[in-house]
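Okay, structure first, notes after.
Nothing here was measured: the structure is a model prediction, and the numbers come from that model.
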Amino acid sequence: MVNDSKRALTAEDLKKIDVYSDPQFMPDGSGYIFVSTSINDKEEYESHLYFQKKNGSAPVQWTFGNNKNSNLRFSPDGNRAVFQSDRSGVPQLYLLHMNGGEAQQLTTFKNGATSPIWARNGKNLFFQAMLDEDDDVTNQHELSKEEREKEAETKQKKPLVVTKLKYKSDAQGYHDGKRAHIIAYDLHNGTFDQLTTADADHHLEDVSPDGQTLLFSANLSNNEDYELTNDLFLLELTSKNTLQLTDGNGAYGSARFSPDGSKAACLGHQFSHQGATLNELYTVEIASRKWTCLSKEWDIQLGDTMIGDTRMGQSTEGPIWSEDGGHLYFLGTDYGATGLYQASPDKGLQVLYKDDNHVFGFSYDAIENTFVLGISTPTNPCNFYLMDGDNLTRLTNANTALLKEVAFSEPETLTYEADDGWEIQGWILKPYGFKEDGQYPMILEIHGGPHAMYGQTFFHELQLLAAKGYVVLYTNPRGSDGYGQAFVDACREDYGGKDYTDLMTAVDYALANYDFIDANRLGVTGGSYGGFMTNWIVGHTNRFKAAVTQRCISNWLSFYGVSDIGYFFTKWELGKNLLEDPGKLWDFSPLKYADHVDTPLLIVHGERDFRCPIEQSEQLFITLKHLRKEVEFVRFPDANHELSRSGNPAMRLERLNHITGWFDKFL
């Protein structure tokens, strides 16, 4: 229910939300550090480090200024910490002494330094840096603001010569030949040593307890440009020799050495269901290279695949070893929620914590066998909790002022039967000021992915629509994570088929069971795959009176060649590539059915979206406009596929205002 003694949520309230992430225990377990991200008065993001003792005293802010600070990692003795900050313009590593004093800048790499990990002896640090082929790590100098601007201006005046299939990505933009490499830093001598040199991106995973070996992931195949595999490797620091642990047929990561260094654990899979494959939990004995899959009897997605729009900053998802090496701890995604799980060879899978909420990260204290859990609920963006056995104690009081002032809608869980008998889960949000005898318009929200999950987490956009007076219906149709391998795989080669009828059945169920919904005032919206499905819906039914399609797909024929993932995602999801069956791709394309669209459609897209490029929306807009349909197109400058989640704050607010304005106009 909605407490209407408080005011309704607004789009502007997005700027008042503090987002917590990345809890990290101190080595002695007496307290933990975390990151708080917010939007400042300049309408820019800033992230700061906070420390809190485990006894629950108020958190203490450690960093200040209009910059982003993150990834703090304590030295093994707890006397120092390293973190990354962009205070000099790009992310660099800084050293902080626990007994006080200013942070000391350790790196001045031109393209920054990230993801630090301590050696157990506390004498060495390892991190990642983007390097050109001829870069010298012993002679790195960061550019001034003016030099960076001049370099960017010069780059804009030169043509981009493309020779590789993977030449762009939504996160990085156009690739420029730089590669992620692993660097060692000697704190005593202040020297750097580049440990990897191959023409590939290397991702630092862990450092062995004896400090002699690194775990990293990469694709070092000669066919790297054509493959999506990601292997695990051991790097012996003395010789710099690498040893491949995996077989080149899968994607592996989140790897960790066991406490004694004899084993490693990781998540991964071998693409048995292409992009819809559930992760498995593996261990490998380092000496014998013997692999064991601990999860072969499970049917849940390992890790956190919850969809939301206020989660920023990384957090540990596991696997993390227990102190004795007998157990592994990790997050799992299951039936609309995420929880903390434990696995061991003898006891199998056990649930340590799972409720109707979203565990977005955790930290493990090996000394007292306790955990800090980061938890979000549909009516509370985030807080940290201490879990000691079966006891859960809240440590933080984030967003107190906003929660006291603003009313949030508590979702009602619903479960309905699809037309072929499959069970589908969803939720209903009632509108602000709800009255039992009222009649309200309803908006169907469709998530992206499609292999992701709506669930019990805070979602500003959904709450905003409820605050604007709409019933909000959101569900997990087949193809979603959280309901097993068969379910997540079920939409592949059937886009617009049973996934479409799952959504229409959800609408039918809501209308049949909630008499306060006005069947004549229905809206629909979604982004990415949800944008595809919105386009598909308005081309196949006129029951919706307004629609908003966001960062959408409209034409699979062109998507194949313009998206940063099109050349493989098209085959994965539709079963065919462009030249194999263009007719099938056209049949799956909402653009084919544009002349059937009578629903007023707002098209929202970022100019720099490389995942679902803006030409997908351009084609749809021009076609509908040429057909004299009711359509409007909003293009967001410098915005990529992440506009709604981590895009420019001002643009995020503009986006929300356009969406709500469109529905207000027609519903």
Side-chain angles (χ1 to χ4, degrees), residues 20-37 46-109 112-129 137-138 140-142 182-193 204 206-211 214 237 313-316 363-368 372 384 395-396:
Y20 289 176
S21 62
D22 199 21
Q24 295 288 328
F25 265 118
M26 289 190 69
D28 65 3
S30 62
Y32 71 104
I33 196 88
F34 66 89
V35 178
S36 178
T37 302
E46 62 181 57
S47 300
H48 291 294
L49 303 171
Y50 284 76
F51 174 75
Q52 184 178 32
K53 293 182 179 179
K54 199 164 65 174
N55 62 16
S57 57
V60 177
Q61 186 170 346
W62 275 8
T63 59
F64 299 87
N66 297 325
N67 45 61
K68 300 184 183 74
N69 305 276
S70 63
N71 260 1
L72 184 139
R73 297 298 181 263
F74 289 104
S75 63
D77 61 10
N79 293 327
R80 295 167 297 171
V82 64
F83 66 97
Q84 66 187 54
S85 175
D86 68 351
R87 60 189 64 182
S88 64
V90 295
Q92 301 287 1
L93 300 187
Y94 292 77
L95 185 69
L96 193 65
H97 291 270
M98 295 299 99
N99 58 2
E102 290 291 325
Q104 172 192 354
Q105 185 171 347
L106 298 180
T107 63
T108 55
F109 278 55
T114 63
S115 309
I117 299 180
W118 288 88
R120 186 72 63 90
N121 61 14
K123 298 178 181 178
N124 300 98
L125 281 169
F126 303 92
F127 61 92
Q128 293 176 197
V137 299
T138 66
Q140 282 282 308
H141 301 285
E142 59 186 343
I182 300 172
I183 315 297
Y185 177 67
D186 185 317
L187 279 90
H188 178 71
N189 296 313
T191 55
F192 297 95
D193 186 13
L204 178 61
D206 201 11
V207 183
S208 64
D210 64 8
L214 300 186
L237 293 177
Q314 69 178 36
S315 289
T316 299
S363 185
Y364 167 61
D365 173 21
I367 296 175
E368 297 189 7
V372 167
F384 289 118
L395 296 173
T396 58

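- To the nearest 0.5 Å, atom CG of residue Leu237 and atom CG of residue Leu214 are 4.5 Å apart.
- The minimum heavy-atom distance linking Pro27 with Ser75 is given by the pair CG-O, 3.2 Å.
- For Glu102, the CD atom counts as loosely surrounded, since its 6.0 Å shell holds 12 or fewer non-hydrogen atoms of other residues, nucleotides or ligands.
- Panel note: side chain Asp77, backbone Asn79; a donor-acceptor pair is recorded below 3.5 Å.
- With hydrogens and angles ignored, the 3.5 Å screen pairs no side-chain donor or acceptor of Glu142 with any backbone N or O of Gly89.
- Tested against Arg87, the residues Thr63, Asn67, Asn69 include a single side-chain hydrogen bond (donor to acceptor under 3.5 Å, both in side chains) partner, Asn69.
- Here the closest non-hydrogen pair linking Phe74 and Phe25 is CD1-O, 3.6 Å.
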Q: Before giving the answer on side chain to side chain contact (heavy atoms under 4.5 Å, CB included), spell out for Leu187 and Leu125 the whole-Å C-alpha distance, their side-chain angles and the decisive distance to 0.1 Å.
A: CA-CA 7 Å; Leu187 279 90; Leu125 281 169; 3.6 Å; yes
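- Aromatic ring orientation, Phe83 versus Tyr94: parallel (interplanar angle below 30°, classes split at 30° and 60°).
- Taking each heavy atom of Gln84 and Pro91 in turn, the nearest pair found is NE2-CB, 4.5 Å.
- Classification of the Phe384-Tyr20 ring pair by plane angle, with boundaries at 30° and 60°, yields parallel.
- Shortest non-hydrogen contact noted between Met98 and Arg80 is CG-N, 3.9 Å.
- Note that OG of Ser57 is 6.0 Å distant from CD of Gln52, once rounded to the nearest 0.5 Å.
- A donor-acceptor contact shorter than 3.5 Å is absent between the side chain of His188 and the backbone of Asn124.
- With rounding to the nearest 0.5 Å, the separation of CZ in Phe51 from OG in Ser30 is 5.0 Å.
- Between the side chain of Ser115 and the backbone N or O of Gln128, no donor-acceptor pair lies under 3.5 Å.
- Between Asp22 and Arg73 the shortest side-chain heavy-atom distance falls below 4.5 Å.
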For side chain to side chain contact (heavy atoms under 4.5 Å, CB included), just list the numbers for Gln24 and Leu72, CA-CA rounded to whole Å, side-chain angles, deciding distance to a tenth of an Å, and then say yes or no.
-> CA-CA 8 Å; Gln24 295 288 328; Leu72 184 139; 5.6 Å; no
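- In this structure, CZ in Phe127 is found 12.0 Å from CD1 in Ile117, a value given to the nearest 0.5 Å.
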Let me see the working for Phe109 and Val90 under side chain to side chain contact (heavy atoms under 4.5 Å, CB included), right down to the final yes or no. CA-CA 9 Å; Phe109 278 55; Val90 295; over 6 Å; no
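- In this structure, Thr108 contributes its side chain and Gln140 its backbone to a donor-acceptor pair below 3.5 Å.
- Atom CG of Leu49 and atom OG of Ser85 lie 8.5 Å apart (nearest 0.5 Å).
- No donor-acceptor pair under 3.5 Å is formed between the side chain of Trp118 and the backbone N or O of Pro76.
- The CG atom of Leu204 sits 5.0 Å away from the CD1 atom of Ile182 when rounded to the nearest 0.5 Å.
- Taking all atoms of both residues into account, the shortest heavy-atom contact from Ser47 to Val35 is CB-CG1, 3.9 Å.
- Between the side chain of Lys54 and the backbone N or O of Gly29, at least one donor-acceptor pair lies under 3.5 Å.
- Between Ala119 and Val207 the shortest heavy-atom distance is CA-CG1, 4.3 Å.
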Quick one: do Thr107 and Ile183 satisfy side chain to side chain contact (heavy atoms under 4.5 Å, CB included)? Show the steps, please. CA-CA 11 Å; Thr107 63; Ile183 315 297; over 6 Å; no
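- Between Phe34 and Tyr50, the ring-plane angle classifies as parallel under the 30° and 60° cut-offs.
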